[in-house]
Amino acid sequence: MGISKRVDEARAAFAKRDPEAARKAHSHGAHPHGGHSHGSHEGDHSHSATGSRYIGEFVYGGLDGIITTFAVVSGVVGAKLNAGIILVLGLANLLADGFSMATGAFLSARSEQENYNREREREMWEVENVPEGELAELREIYLHKGHTEQEAEQLTQIVSRQKEHWVDVMMVDELGMMRDDRNPLLNGVATLVAFITAGAVPLLVYLVGLAVPIAPGTAFAASVGLSALALFGLGAAKVLVTRQNVFKSGAEMLLIGGLAAVVAYGVGSLLRGLGGH
């Protein structure tokens, strides 16, 4: 039986609180599936493991903000519209997309935690009601990792002495799920603050232009320069999460942001040409 089907059966048994159905699901064979899913999940929460609890949301929120807003500026300039249009569209995009991103970050984090808690509750119920099945699964996990029969048996006995620890081990090694203790609300706030702060950079020179006259060409050149610096800086800061090379990471984000701006500028120019007919 496939792993996903066995887990689905175990979930259905838990929903009915049916120990017999749970035993049946476990009897189909304990196949550890932490190898693949654990690796990917660990990557998702690597910033939690390093103690940088919200740095990921801040960096990625900032990158999204600046790329999106700079694309808007480039598109409007490409269409040869005035600075007022740039500010209206830029600020509207900044606030609307910022709140959308923040809401998404909040809901995503909360959903992950709810899913983790639900699965952990099921694992605890199985440990208490079908311990023989969970022991068999745990033993198979250690065998799959390369331990001998004797070692697997010893490790299984050690881990299963404490229910809480036993369940924690099953969550990671069986389901590939790690607890994420970050506050979903703070996730959303970090994303919002970063999105608006970084996303405002391409608009700064146009805001200054409300008080001091600035030539359109000069304003766009300044916006490009400021955006390029911010993109490189945020890309470099991304290494706090990814552990990549600083200059490579910065250049990569600068390239991505530049391509987005070029595309937006081209679309603006195309629409300007169509509007002239």
Side-chain angles (χ1 to χ4, degrees), residues 2-17 22 25 30-65 67-68 96-128 134 137-138 141 159 162-198 234 237-244:
I3 293 170
S4 60
K5 184 170 179 56
R6 189 196 67 76
V7 173
D8 286 341
E9 286 191 358
R11 287 171 178 159
F14 169 67
K16 298 176 182 178
R17 301 302 192 273
H31 300 284
H33 42 289
H36 173 74
S37 60
H38 174 53
S40 61
H41 214 85
E42 189 174 49
D44 292 339
H45 298 288
S46 60
H47 51 283
S48 293
T50 60
S52 303
R53 299 169 72 85
Y54 303 99
I55 190 66
E57 282 68 27
F58 196 85
V59 171
Y60 292 119
L63 287 170
D64 282 337
I67 290 175
T68 302
D97 279 6
F99 278 105
S100 176
M101 286 281 296
T103 300
F106 166 75
L107 293 176
S108 176
R110 190 175 67 174
S111 296
E112 285 189 16
Q113 289 184 355
E114 289 175 345
N115 184 50
Y116 178 91
N117 291 335
R118 182 170 56 250
E119 288 298 302
R120 195 176 193 285
E121 183 183 1
R122 179 179 64 82
E123 285 292 338
M124 178 61 76
W125 181 84
E126 290 181 346
V127 162
E128 293 175 343
E134 290 294 294
E137 285 183 344
L138 189 56
I141 287 172
V159 170
Q162 296 181 336
K163 287 183 181 180
E164 291 290 334
H165 178 57
W166 185 359
V167 172
D168 288 339
V169 170
M170 297 302 289
M171 290 298 295
V172 174
D173 289 335
E174 184 193 6
L175 299 178
M177 300 178 72
M178 299 180 68
R179 185 189 298 277
D180 186 355
D181 292 326
R182 289 172 299 164
N183 187 315
L185 181 59
L186 291 181
N187 267 24
V189 170
T191 300
L192 177 63
V193 170
F195 191 97
I196 292 179
T197 300
L234 282 170
K238 189 159 64 75
V239 302
L240 295 173
V241 178
T242 63
R243 305 301 179 187
Q244 294 178 348

What are the two closest non-hydrogen atoms of D64 and F195, and how far apart are they?
-> C-CE1, 3.7 Å
How far apart are the closest heavy atoms of A190 and E57, and which atoms are they?
-> CB-CB, 4.2 Å
Do V159 and H165 come within less than 4.5 Å of each other through their side chains, counting heavy atoms only?
-> yes
Euclidean distance, L186 CG relative to F106 CZ, rounded to 0.5 Å | 10.5 Å
Starting at CG of N117, measure out to CE of M124 and round the result to the nearest 0.5 Å.
-> 12.0 Å
Roughly how far apart are E123 CD and M177 CE, rounded to 0.5 Å?
-> 10.0 Å
Only counting residues at least two apart or in another chain, list the ones meeting side chain to side chain contact (heavy atoms under 4.5 Å, CB included) with V127.
-> E134, K163, W166, V167
Stepwise, does the salt bridge (Lys or Arg N to Asp or Glu O under 4.0 Å) test hold for E114 with R118?
-> CA-CA 6 Å; E114 289 175 345; R118 182 170 56 250; 5.7 Å; no
Smallest heavy-atom separation, G188 atom then A105 atom, equals CA-CB, 4.3 Å
Spacing of CZ belonging to F58 relative to CG belonging to L192, to within rounding of 0.5 Å = 10.5 Å
Heavy atoms from other residues, nucleotides or ligands near OH of Y116 exceed 12 (cutoff 6.0 Å) = yes
Taking C-beta and beyond as the side chain, do L175 and M170 meet within less than 4.5 Å on heavy atoms?
-> no
All heavy atoms of A237 vs all of V59, minimum pair found to be O-CG2, 4.1 Å
Can you find a pair of side-chain heavy atoms, one from Q113 and one from D181, that are under 4.5 Å apart?
-> no
Can you check whether M171's main-chain N or O pairs, donor with acceptor, with E119's side chain at less than 3.5 Å?
-> no
Please identify each residue that fulfils side-chain hydrogen bond (donor to acceptor under 3.5 Å, both in side chains) with D168, with sequence neighbours left out.
-> R120
Of the non-hydrogen atoms in N187 and A109, which two are nearest, and what is the gap between them?
-> ND2-CB, 3.3 Å
T197 (side chain) donor-acceptor with V193 (main chain) under 3.5 angstrom = yes
Can you check whether S111's main-chain N or O pairs, donor with acceptor, with N115's side chain at less than 3.5 Å?
-> no
Decide if atom CD of E128 counts as having more than 12 heavy atoms of other residues, nucleotides or ligands within a radius under 6.0 Å.
-> yes
